[in-house]
Each structure stands twice: as C-alpha cells, then as structure tokens.
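Below you'll find the structure, written out as structure tokens, and then a few comments.
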Amino acid sequence: MIKEIKAQDLNTEKFITKKVNEIRAAVGSGMAINALSGGVDSSVVTMLGHRALGNRLRTVFIQNGLMREGEPKRVTELFRKLGVNVEIIDAHREFLEALKGISDPEQKREAITQTFYKKVFGRIVLESDAKCLLQGTILTDVDETVAGIKRQHNVFAQLGIDPMKAFGYHIIEPLIQLRKDGVRIAGKELGLPEEVFNRIPFPGPALAARIIGEVTEEKLDMVRKATEIVEKLLADSGAFQYMAILHDDRVTGMRGGKRDFGHQIEVRCWDSLDAREAKPTRLSFEVLEELAASILDEVEGVVSVTYNIATKPPSTIEAV
Ligand code: XMP
C-alpha cells in the first residue's frame, strides 16, 4: 500500500531532500538512466535525478513517433538551458511496428509498454552500465491500473511484476506518493520554469491514447495537427487538460459540393484537480466554433468536430 502525500500536506524541501537521498542510496556508485518525455512528471524526476546523481544520470528522450509536433526539439532545448543534457533515441519504427493491426485499447497500451520497457530500454540498459531506470509514476497511474480501469504504461510492482525479472533493471519511482498537484509544487521548488511545472498532463502512450482504433502514421499526422490546434486555442482556458481525439468511424460530409466520407475529431477539455474526477470545461460557444473552424480548415479529411460533455466517471480523461 503506497502512503499518499496530499498536496496540502507536502513539505516540499523535506520531500526533495528525502527523495534525493533515496535515489543516491538506490543507485549506489553506479549509473542510472532516466526516461524524459517532456511531461510534468518525467520533467520533475529529471530534476530530482540530476540533483541526486549529476553526471551519473543519463537522460534519454525516446522518439516513439507518437509525440506532439516539435516535442523532441522543445524538450532537449529547454533542459539544455537547465543544464541537463538530453539524448534523443529514435525508436519510432519499433513502436509503429508493435502497434500495427492492434485496435483494442488495452492491447495498444500493452504493446507500447513492452516496446518501451523491454525492447528499447532493455537495449539501452544492456549497452550501458546502468541497472536502474528513474521514472515519473504517480499515484493516480497506480490507482487506475490496480482498479483495472486502464493499464497505465508505467505501473509494474503493484501488478506483481518485478521489473528486474521482466526487463533486467530496477525501476525507481520518486513521485509515487504524489498526485499531479503535488508534483507541480515539487517541480516549482526544483527550479523548473512555469511552462513545464504547470504544463497540461500528457499520457505516456502519447497520441496513441488519442486515436480510437489502429494507430497508423496517417492517423498520427491528423491527430497531431488537431492536437496542435486544440492546445493553441485552449492555452488560456485555465482547464486541467485538453485534447483532440480521432475517431475510428467515418461520417458522411460534403466538400466542394461533393460527398466526402470523412473523419471525426472529438475535442475534450477537462476541469479537474488531480485527474481522479473531472468535468467538462464550460467553454464558450465562440471558442467551440473557433475550434471547429480551425480543425475543419487545417486537418485534411475531417468533416465532423464534436465536444465531449461527459464527466469522469463514468468517462475517463483519455479515450483509450
Ligand atoms: P484517465 O484517462 O485514466 O487519465 O482518466 C488520468 C490521467 O492520467 C493520464 N494518463 C496517463 N499517464 N501513462 C501516464 O503516464 C498512461 O498510460 C496514462 N493514461 C492516462 C491522463 O492524460 C490523465 O491526465
């Protein structure tokens, strides 16, 4: 049972000192690897890990082909300014290959988990002297996985999986007692810029969690473009998280006076404190119209744009 530290009870300085010491003790005199995705959780772990280990921590960004537009460059440049060198490892072919032909949500998540932890990290760890991987699992990831709602990509011990046996390395999870609000406080204290510690959450399975049905390069291009539009137009919404989802089924539309059997994009925008429960943000109709016009204009093949008005539960934040 993991003991939760609520954001309001977090003694940030004490927490950071404790985690830095725990990381040092777990890694010993060796090396560790750190998987940075650019999201809030992995960014905070990166800063903690560097404070604890300095040059003995190798930080890698896996280009899995499922990331948002411009993400690898944005993340590496930002961390370079913070004094952290980030290595980009291109593994996008492996991920797309693993996802080929799979449309079931949990199977998609499992394919990403295996490719990430077994294939890609298995190889990186084998090639290096590291025996530990640092990652940003938080309590919400664990809760939903253990409850069987959604297999979050980064949860193992709580499912009875020993990463050492399954993948050949230990996993260190310094943020596992926190939820998103607590992680943001720690990130601020560790010197991350506000654009990072207050960034909207983004899931480990990345845009694959935003495509209903099989993931293909063509669908990734569409959802990536729609995501860029939604993130730009809702940046000032004050919402907890917002996203574009590409549906699997098509609907009849018309373009240039001709029938166009096209794609559907669903926009979701959530108000939430820590992702456990969420409500749709009451966006103005003007904003919704602007979203629809931009998506219909800029994402080729889309003829329908909808706004999700369900709550979590029974919905979940991501569609997959
Ligand atoms: P759901 O969709 O379960 O999401 O309501 C709750 C929060 O978790 C994020 N999410 C993930 N984060 N790995 C992650 O690190 C995952 O596999 C994953 N799935 C969902 C989601 O974006 C939301 O903030």
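Atoms within a ligand are numbered from 1 in the order they appear, just like the ligands themselves.
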Return yes if a side-chain donor-acceptor contact under 3.5 Å exists between Thr137 and Glu173, otherwise no.
yes
Contact region, Pro203 to ligand 1, non-hydrogen atoms below 4.0 Å, reads both
Which one holds for Gln152 and ligand 1: side chain close, backbone close, both close, or neither close, with close meaning a heavy atom under 4.0 Å?
both
Got the closest protein heavy atom to atom 21 (C) of ligand 1, with its distance?
Glu318 OE2, 3.5 Å
Which residue and non-hydrogen atom of the protein lie closest to atom 17 (O) of ligand 1, and at what distance in Å?
Arg109 NH1, 2.8 Å
Taking non-hydrogen atoms only, is Asp41 closer than 4.0 angstrom to ligand 1 via side chain, backbone, both or neither?
neither
What is the closest protein heavy atom to atom 4 (O) of ligand 1, and at what distance does it sit?
Ile317 CB, 3.9 Å
Does only the side chain of His153 get under 4.0 Å from ligand 1, or the backbone, or both, or neither? Count heavy atoms.
both
Would a line drawn from the ring center of Phe61 to the ring center of Phe79 be shorter than 6.0 Å?
no
Tracing side-chain links under 4.5 Å among I, L, V, M, F, W and Y, which residues wind up in one group with Leu273?
none
Counting only nitrogen or oxygen atoms and a 3.5 angstrom limit, does Pro201 reach ligand 1?
no
Below 4.0 Å, non-hydrogen atoms only: which portion of Lys180 touches ligand 1? Side chain, backbone, both or neither.
neither
Identify which one of Asn34, Asp41, Thr59 satisfies the side-chain hydrogen bond (donor to acceptor under 3.5 Å, both in side chains) criterion when paired with Thr46.
Asn34
